[in-house]
Amino acid sequence: MLKIASWNINSVRLRLPIVERFLAENDIDILCLQEIKCQEQQFPARRFAEIGYPHIAVHGQKGYHGVATVSRVLINDFSRHDWQDNGEARHVGVEIPGIGQGMILENVYVPAGGDIPDREQNVKFGQKLDFLERMTRWADKVDRPTMIVGDFNIAPLECDVWNHKQLLKVVSHTPVEVEHLGQAQEAGRWVDVTRADIPQGLLYSWWSYRARDWDAADKGRRLDHIWATPDISNAAHGSRILRAARGWEKPSDHAPVFASFDL
DNA sequence: ATGGTAGGTCTCCTA
């Protein structure tokens, strides 16, 4: 069995204590982190090795963004795509050679896209859509067993947001973004593993820091996802979002999402 | 309608 997790950590160096807590309490084999906010040489690789995660692939940059995959089982650095074509570190792919006939695990941090959902008025929104279009063209050629996880910065379903109608013009839930993400999903033939497990009911992975009381207000969105090609998703079970981690000391604004695979 | 918080960095950008 393989237990995979994804977590937008909002500075891995600041939040090492809660990362260690999450790994220790949840028996995670591979953790995909987004928003590590450091360069590769600043990544706390020694500490991860000490706690049993010696296999690491980092795509970092100074100050912003950045992704890393840390693992108990052997992984091979496989790819780094720049689907925004602007040098930002938002993807790292690894091969898991021993499992699932050489499965690929893609760790993706889709751009947030700014505040105005219009590419004429907001360059960042256009870059977000461009990122998804390039990802779709790449996905169309994927011909291996693949898992793709990360902070996709889009809540695709009505039950992935606290108020569907109120968020239709809010970046992360606009129809054009949902459509773009759906095309990428279709091109890669990926199954939403979390929603396959939990098809009904409101489900969130992110709550803004700006809310006075995130837990009571509960104005969340499901921005973090675990998808897999059918050959792998058939072996998935127990996908959950660890809401409690949003309430830990010095939390990230995202909660981790995970799933188990009998591979 | 508005502003609210957080992190990294070097003065404000990104989320």
Side-chain angles (χ1 to χ4, degrees), chain A residues 6-20 22 32-45 47 58-68 82-92 107-119 121-132 149-156 160-163 165-174 177 180-181 204-225 241 243 245-257:
Chain A
S6 174
W7 197 1
N8 179 319
I9 200 60
N10 188 19
S11 173
V12 67
R13 291 175 292 174
L14 191 73
R15 278 182 242 291
L16 253 183
I18 60 169
V19 173
E20 292 187 32
F22 172 65
C32 294
L33 294 164
Q34 303 86 35
E35 263 202 283
I36 60 172
K37 289 190 169 175
C38 67
Q39 295 168 285
E40 190 168 336
Q41 66 270 25
Q42 300 172 305
F43 189 83
R47 185 63 194 146
V58 184
H59 188 187
Q61 74 176 80
K62 190 176 180 179
Y64 307 110
H65 321 307
V67 294
D82 179 6
W83 290 312
Q84 225 178 173
D85 199 24
N86 67 353
E88 292 179 354
R90 295 180 175 277
H91 169 270
V92 65
N107 177 357
V108 180
Y109 178 35
V110 176
D115 289 330
I116 304 167
D118 179 345
R119 63 156 81 226
Q121 296 176 60
N122 169 16
V123 174
K124 287 189 201 312
F125 192 73
Q127 288 176 332
K128 182 178 193 175
L129 298 180
D130 293 344
F131 183 104
L132 292 164
V149 310
D151 176 2
F152 295 175
N153 263 313
I154 295 171
D160 291 336
V161 295
W162 66 278
N163 187 318
K165 272 196 169 174
Q166 209 162 320
L167 288 172
L168 276 170
K169 291 180 179 171
V170 174
V171 174
S172 73
H173 193 61
T174 65
E177 289 170 89
H180 272 65
L181 186 65
Y204 315 136
S205 66
W206 173 88
W207 296 260
S208 173
Y209 282 126
R210 296 173 187 173
R212 283 187 201 109
D213 183 342
W214 71 273
D215 193 31
D218 202 19
K219 295 184 173 180
R221 307 175 201 170
R222 190 173 70 103
L223 305 179
D224 301 271
H225 303 274
I241 295 171
R243 179 187 175 109
R246 180 62 178 79
W248 289 353
E249 67 285 0
K250 292 281 284 178
S252 167
D253 46 354
H254 293 253
V257 55

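Just so it is clear, the values below take in all heavy atoms, side chains as well, and ignore hydrogens, waters and symmetry mates. Note on naming: letters A, B, ... go to the chains in the order of the sequence lines (proteins, then strands), and numbering restarts at 1 for each one.
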Side chain A:Arg15, main chain A:Lys250, donor-acceptor under 3.5 Å: yes
Exam field: side chain A:Glu177 to backbone A:Ser172, donor-acceptor pair closer than 3.5 Å: yes
Side-chain donor/acceptor of A:Arg15 to base of B:dA6, under 3.5 Å: no
Ring geometry between A:Tyr109 and A:His65 (parallel below 30°, tilted from 30 to 60°, perpendicular above 60°): tilted
Parallel, tilted or perpendicular, as decided by the 30° and 60° cut-offs, for the rings of A:His225 and A:Phe152: parallel
Along DNA chain B (nearest heavy atom to each residue), the more 5'-positioned of A:Gly63 and A:Gly114: A:Gly63
Given DNA chain B, 5'-ward residue of the pair A:Pro251 and A:Ala112, judged by closest heavy atom: A:Pro251
Sugar-phosphate only, base, or nothing, as touched by A:Arg90 at under 4.0 Å among non-hydrogen atoms: sugar-phosphate
For the [atom1] atoms, the ones on [N] and on [M], what distance do you get once it is rounded to whole angstrom?
{"N": "B:dT5", "M": "B:dT9", "atom1": "P", "value": "22 Å"}
{"N": "B:dT14", "M": "B:dC10", "atom1": "C1'", "value": "15 Å"}
{"N": "B:dT11", "M": "B:dG7", "atom1": "C1'", "value": "15 Å"}
{"N": "B:dG4", "M": "B:dA15", "atom1": "C1'", "value": "14 Å"}

Within 6.0 angstrom of A:Asp115 CG, more than 12 heavy atoms from elsewhere: no
Spacing between [X] atom [atom1] and [N] atom [atom2], to the nearest angstrom:
{"X": "A:Gln61", "N": "B:dG8", "atom1": "CD", "atom2": "P", "result": "14 Å"}
{"X": "A:Arg221", "N": "B:dA15", "atom1": "CZ", "atom2": "C1'", "result": "11 Å"}
{"X": "A:Asn8", "N": "B:dG8", "atom1": "CG", "atom2": "P", "result": "13 Å"}
{"X": "A:Glu249", "N": "B:dA6", "atom1": "CD", "atom2": "P", "result": "15 Å"}
{"X": "A:Tyr109", "N": "B:dT14", "atom1": "OH", "atom2": "P", "result": "11 Å"}
{"X": "A:Lys37", "N": "B:dA6", "atom1": "NZ", "atom2": "C1'", "result": "7 Å"}
{"X": "A:Leu16", "N": "B:dG7", "atom1": "CG", "atom2": "C1'", "result": "15 Å"}
{"X": "A:Arg210", "N": "B:dT2", "atom1": "CZ", "atom2": "P", "result": "15 Å"}

Nearest-nucleotide pick for A:Ser11, side chain only, options being B:dT9, B:dA6, B:dG7: B:dG7
A:Lys62 side chain near B:dT9 phosphate (N/O to OP1/OP2, under 4.0 Å): no
B:dA15 OP1/OP2 closer than 4.0 Å to side-chain N/O of A:His65: yes
